[in-house]
S.K.: 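Below you will find the structure I want to go over with you.
Here, residue 1 is the first one in the sequence, and each next residue gets the next number. Keep in mind the model is a prediction, meaning the values are calculated, not measured.
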Amino acid sequence: MEGAAIGGSSAEAAQYLEAASAARGAGDVDAMRAALIAAFTAARASGDSETMAAAALAMPTGQRFGVYPGQIPALLHEAYEAATSATIRCRLAAALARSWVYGGDALRAARFAEDAQALATQVATPEAAADALDAALVAHWGPDDFSERVSLAARLDDVAAHLSAPELRLSAHLWRLTTAWECLDIVAVHRQLRAPDSEAEESGSDRAAFFAASRRAMHALATDDLGAAELQIERTAAIGAKVAEPDVEGVLHELWAMRALVSGDLATMQDEALAHEDFGLAEGIPSISVVAADLWLAAGQPDRAGLIITQLMANGVAGIPRDVDFLLVVALAVGVAASVGLLDIAREGAAALEPY
């Protein structure tokens, strides 16, 4: 799609949308993103706000978590401003909230999550309510919103249970799994691990199967079941090769890294430490950089681990965004800092963790 001449008719916009759908089906995220931008541009030129919205709503499906989002939020906002239907505005507001959080700017998400909730009340359909609740959860993913997150996840689960759309039910199950882990509710963890399996079996969705396998791999690693972890990681990789899910590579790197830590695989630890360090630095993602430090420490290179932590914590805990990754970043930073003698960093971080 790159370099294609972009026309200004609704028909051309529709053709680009079809191309985007085909690219997604083929697992080609880059081609899908290019086709969606072309569709949006053609729809804008022809004054077709409905197709602009359709293209914009599909864009976050190609957005990688934590990576700078580029023009996606701007295009979503343009479509949001142009939309006249409350239903479409609700979906666009929810998508904007998710896009800002995925792009590492959770503060900007709050307003649009609130707009989505208000519009969902106006629209008064279960689908709108579920979409808005998912956006609210994304916007309340930080350490200080735990109680609200548990409540929102329960509400989403209740709404989605009565819907036929598998994507909304999958979202509800994944949020309940997240809050079950946070509550250390092991019975709920097992129940929510089973739910994506059922969604995948009933719908035939490769995307649902990807999430089911990756979450089972995570559970196996957390419970030191290395054999099961390896089987589920292999399954995650095989399914991930077929789906246009932007974070497949990132999920696999995390699973490979944790498998290396659990098994003591020094060579993979070093490979993953380097991959995490390079990516975290290139994209400016603290959670990836801190995992790199943890891996370098485990791989027997404490000086390299300490350097990353010194750079990451240069402005202290106040410099770490209080978002979904705050506890991960600070907890791993404390562990590495204590191990390499960066005691001031370790003390400050431990004090910040104490309330949790």
S.K.: Would R89 pass as a cation-pi partner of Y80, given that its NZ or CZ must be under 6.0 Å from the six-membered ring centre and within 45 degrees of the axis?
M.R.: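 Yes - R89 lies over the ring of Y80, closer than 6.0 Å to its centre and within 45° of its axis.
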S.K.: Tell me whether R235 contacts the main-chain N or O of A212 through its side chain, where contact means a donor paired with an acceptor under 3.5 Å.
M.R.: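 Answer holds: no.
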S.K.: Does atom CD of E354 have more than 12 heavy-atom neighbours, drawn from other residues, nucleotides or ligands, at distances under 6.0 Å?
M.R.: no
S.K.: Determine, for Y102 and R98, whether the Lys NZ or Arg CZ falls below 6.0 Å from the six-membered ring centre while staying within 45 degrees of the axis.
M.R.: no
S.K.: Working note: R207 + E167, criterion side-chain contact (heavy atoms from CB on, under 4.5 Å); need CA distance, chi angles, decisive distance, verdict.
M.R.: CA-CA 9 Å; R207 184 171 186 267; E167 288 295 320; 2.5 Å; yes
S.K.: Check for a donor-acceptor pair, side chain of D145 on one end and backbone N or O of E148 on the other, with a separation under 3.5 Å.
M.R.: no
S.K.: Counting heavy atoms not belonging to E50, are there more than 12 under 6.0 Å from its CD?
M.R.: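 Atom CD in E50 is not crowded, with 12 or fewer foreign heavy atoms closer than 6.0 Å.
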S.K.: For the CZ atom on R111, are there more than 12 heavy atoms of other groups (residues, nucleotides or ligands in this structure) within a distance under 6.0 Å?
M.R.: yes
S.K.: Go through the side-chain N and O atoms of Q63 and S99 and say whether any donor and acceptor fall under 3.5 Å apart.
M.R.: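 Short answer, yes.
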S.K.: Does R155 come within less than 4.0 Å of D158, counting only side-chain N to carboxylate O?
M.R.: no
S.K.: Just by distance, no angles: are the side chains of Y68 and D105 close enough, under 3.5 Å, to form a donor-acceptor pair?
M.R.: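 There is no such pair (donor and acceptor under 3.5 Å, judged by atom type) between the side chains of Y68 and D105.
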S.K.: So, E18 versus S21: side-chain donor-acceptor pair below 3.5 Å or not?
M.R.: no
S.K.: Would you say H276 and E254 are linked by a side-chain donor-acceptor pair, where the criterion is simply a distance under 3.5 Å?
M.R.: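 Yes - a donor-acceptor pair under 3.5 Å links their side chains.
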S.K.: So, the side chain of R24 versus the backbone of M32: is there a donor-acceptor pair under 3.5 Å, distance only?
M.R.: no
S.K.: Are a donor atom and an acceptor atom from the side chains of W175 and D157 found within less than 3.5 Å of each other?
M.R.: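 Distance-only check fails for W175 and D157.
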S.K.: Is a donor on one side and an acceptor on the other found under 3.5 Å between the side chain of T61 and the backbone of A58?
M.R.: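 Checking the backbone N and O of A58 against the side chain of T61, a donor-acceptor pair under 3.5 Å is found.
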S.K.: Parallel, tilted or perpendicular for H190 and H219, by the 30°/60° rule?
M.R.: perpendicular
S.K.: Say whether V101 and L75 are linked into one hydrophobic cluster, either directly or through other cluster members, by side-chain heavy-atom distances under 4.5 angstrom.
M.R.: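 Shared cluster, no.
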S.K.: Quick check on the 6.0 Å ring-centre criterion: do H77 and F112 meet it?
M.R.: yes
S.K.: For the pair R169 (side chain) and A160 (backbone), establish whether a donor and an acceptor sit closer than 3.5 Å, ignoring hydrogens and angles.
M.R.: no
S.K.: Nearest 0.5 angstrom please: L221 CG to E230 CD, how far?
M.R.: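 With rounding to 0.5 Å, CG (L221) is 9.0 Å from CD (E230).
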S.K.: Can you tell me if L107 has over 12 outside heavy atoms packed within less than 6.0 Å of its CG?
M.R.: no
